[in-house]
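As the structure lists them, so they are numbered: ligands from 1, and atoms in each ligand from 1.
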Amino acid sequence: MAGSLVKILLIEDNLAEARLLQEFLQQADAKEFVLVHVKRLQEGLNQLRTNNYDIILLDLTLPDSQGLSSLPVLISCAPSLPIVVLTNTNDEELAVEAVREGAQDYLVKRQVNANGLVRSICYAIERKQLLETLRQVNQTLQVRVDERTAELVKANEINQFRSEFVSMLSHDIRQPLNTILLAAGLLQNNEDKLTQEKKRNHLQMIRTAIKNMAQMLDEVSLIGRADSGKFQCDLEPLDLEIFCRQLVEEAQLSLKDKNLTLVFASYGGVGEAVLDETLLRHILGNLLGNAIKYSLPNGKIQFELIGQENSVMFRFQDWGIGIPKQDQKRMFQPFQRAENVGRIPGTGLGLAIVKKCVDAHGGEIMVNSEVGVGTTFIVTLPLIKL
Ligand code: ADP
């Protein structure tokens with residue numbers, strides 16, 4: 001509504017009625033009205049699509065639309081426009097129903113006069129504007145409520161995760177602590193009775209338990225750093241093939257216990273790549289360590305480095321115990337272990353760290369595993385070549 005100029009779309013098939021309304025509007029001096037008259041609903045819709053109006057005056061008996069069925073079509077075409085329906089003396093009930101369904105007001109033809117028409121038009125426009133404002137406020141409020149609810153759900157999840165994390169951490173630290181207490185107590189109380197070999201064994205148990213605890217604390221602090229966003233990629237050029245071969249070399253000793261064979265192969269000529277060496281060591285070290293730990297005696301492990309156009313792929317395949325399908329997804333969360341690990345030691349933190357390190361590089365990790373058949377982990381990292 002520009003100033004006091006009101007643009008009206010009249011949809012009315014009766015020419016005499018239309019003329020009468022036009023005359024009434026011309027008598028009004030408080031406002032200036034521009035009336036565009038069409039005879040069919042379809043013409044009205046065309047007008048609404050191409051021109052701006054302030055209000056619609058709608059006859060409920062049109063050649064191409066009868067009764068209330070015109071209303072929803074007009075409302076969906078111009079949801080913010082007020083509608084005043086025009087009815088005959090004998091269908092006032094229909095008019096009331098129209099107001100219930102979204103019209104702002106109704107006028108009974110032949111009873112209407114100039115003042116009544118102008119009052120109804122102004123009132124309908126005001127009312128619709130108020131409704132629009134309310135609808136917008138409502139919408140803004142709804143968005144805020146949704147945002148706040150999402151925040152609360154997230155905070156709740158974080159709190160729940162935190163308390164689970166703490167209880168699992170204390171449980172996992174208690175285990176090596178108990179070992180230390182037990183072994184130290186045995187050493188203290190049976191000093192004279194223990195053979196040198198037994199004493200050495202107990203001391204070794206203490207050392208191993210302390211080592212495990214220290215490793216767990218390192219891993220937890222690593223995850224903490226990643227979660228608080230302090231985990232940044234410190235990129236440097238790295239010869240990936242040399243790096244992988246070194247890793248294989250370092251793993252040789254741990255293969256002996258179970259008489260495992262580790263086969264390394266490199267494809268695609270990766271050469272030098274820009275990656276974070278420490279994070280890469282966590283990724284590859286953990287995956288290789290797991291392949292060794294969860295392999296069966298005399299088994300084989302295949303480690304492949306595959307250079308692709310814009311990425312590099314690290315593939316670890318073992319023929320070990322496998323991961324049950326239902327456990328595979330949650331393995332990347334801290335302290336999660338599959339149900340088939342039995343007495344194989346572990347904290348359930350390794351894969352969570354691997355995932356964080358892969359994420360920090362903007363890469364991806366995939367697992368393919370079957371119980372009793374074996375497991376393949378594939379890490380793909382985007383490659384910045386020098
Ligand atoms: P951890 O080995 O200390 O338990 P990880 O986070 O490294 O913790 O691994 C989580 C779990 O995923 C393991 O407990 C094990 O159930 C499963 N898993 C990981 N790698 C393998 C693998 N190569 N073969 C079988 N299971 C595996």
Participant: Quick one: look up the protein heavy atom nearest atom 5 (P) of ligand 1 and list residue, atom name and how far away it is.
Facilitator: Leu351 N, 3.5 Å
Participant: With a 4.0 Å heavy-atom cut-off (strictly under), which part of Phe316 contacts ligand 1: side chain, backbone, both or neither?
Facilitator: neither
Participant: Starting from atom 12 (O) of ligand 1, what is the nearest protein heavy atom, named by residue and atom, and what distance separates them?
Facilitator: Met331 SD, 3.2 Å
Participant: I'd like to check whether Gly348 has a polar contact with ligand 1, where a contact means an N/O of the residue lying under 3.5 Å from an N/O of the ligand.
Facilitator: yes
Participant: Among Ile378, Thr375, Thr376, Asn368, whose side chain to side chain contact (heavy atoms under 4.5 Å, CB included) with Gln317 holds?
Facilitator: Thr376
Participant: Report the part of Asn290 in contact with ligand 1, treating N, CA, C, O as backbone and CB onward as side chain, heavy atoms under 4.0 Å; options are side chain, backbone, both, neither.
Facilitator: both
Participant: Check whether any heavy atom of Gly322 sits under 4.0 Å from an atom of ligand 1.
Facilitator: yes
Participant: Please write down residue, atom name and distance for the protein heavy atom closest to atom 16 (O) of ligand 1.
Facilitator: Ala338 N, 2.9 Å
Participant: Starting from atom 26 (N) of ligand 1, find the nearest protein heavy-atom neighbour and note its residue, name and distance.
Facilitator: Ile323 CG1, 3.2 Å
Participant: Which protein non-hydrogen atom lies closest to atom 25 (C) of ligand 1, naming both residue and atom, and how far is it?
Facilitator: Tyr294 CB, 3.5 Å
Participant: Under 3.5 Å, N or O to N or O, is Gly350 touching ligand 1 that way?
Facilitator: yes
Participant: Which protein non-hydrogen atom lies closest to atom 23 (N) of ligand 1, naming both residue and atom, and how far is it?
Facilitator: Asp318 OD2, 2.9 Å
Participant: Can you tell which of Arg337, Arg330, Lys355 gets a heavy atom nearest to atom 14 (O) of ligand 1?
Facilitator: Arg337
Participant: Any N or O on Gln336 sitting closer than 3.5 Å to an N or O of ligand 1?
Facilitator: no
Participant: What protein heavy atom sits nearest atom 3 (O) of ligand 1, and how far off is it?
Facilitator: Thr347 N, 2.8 Å
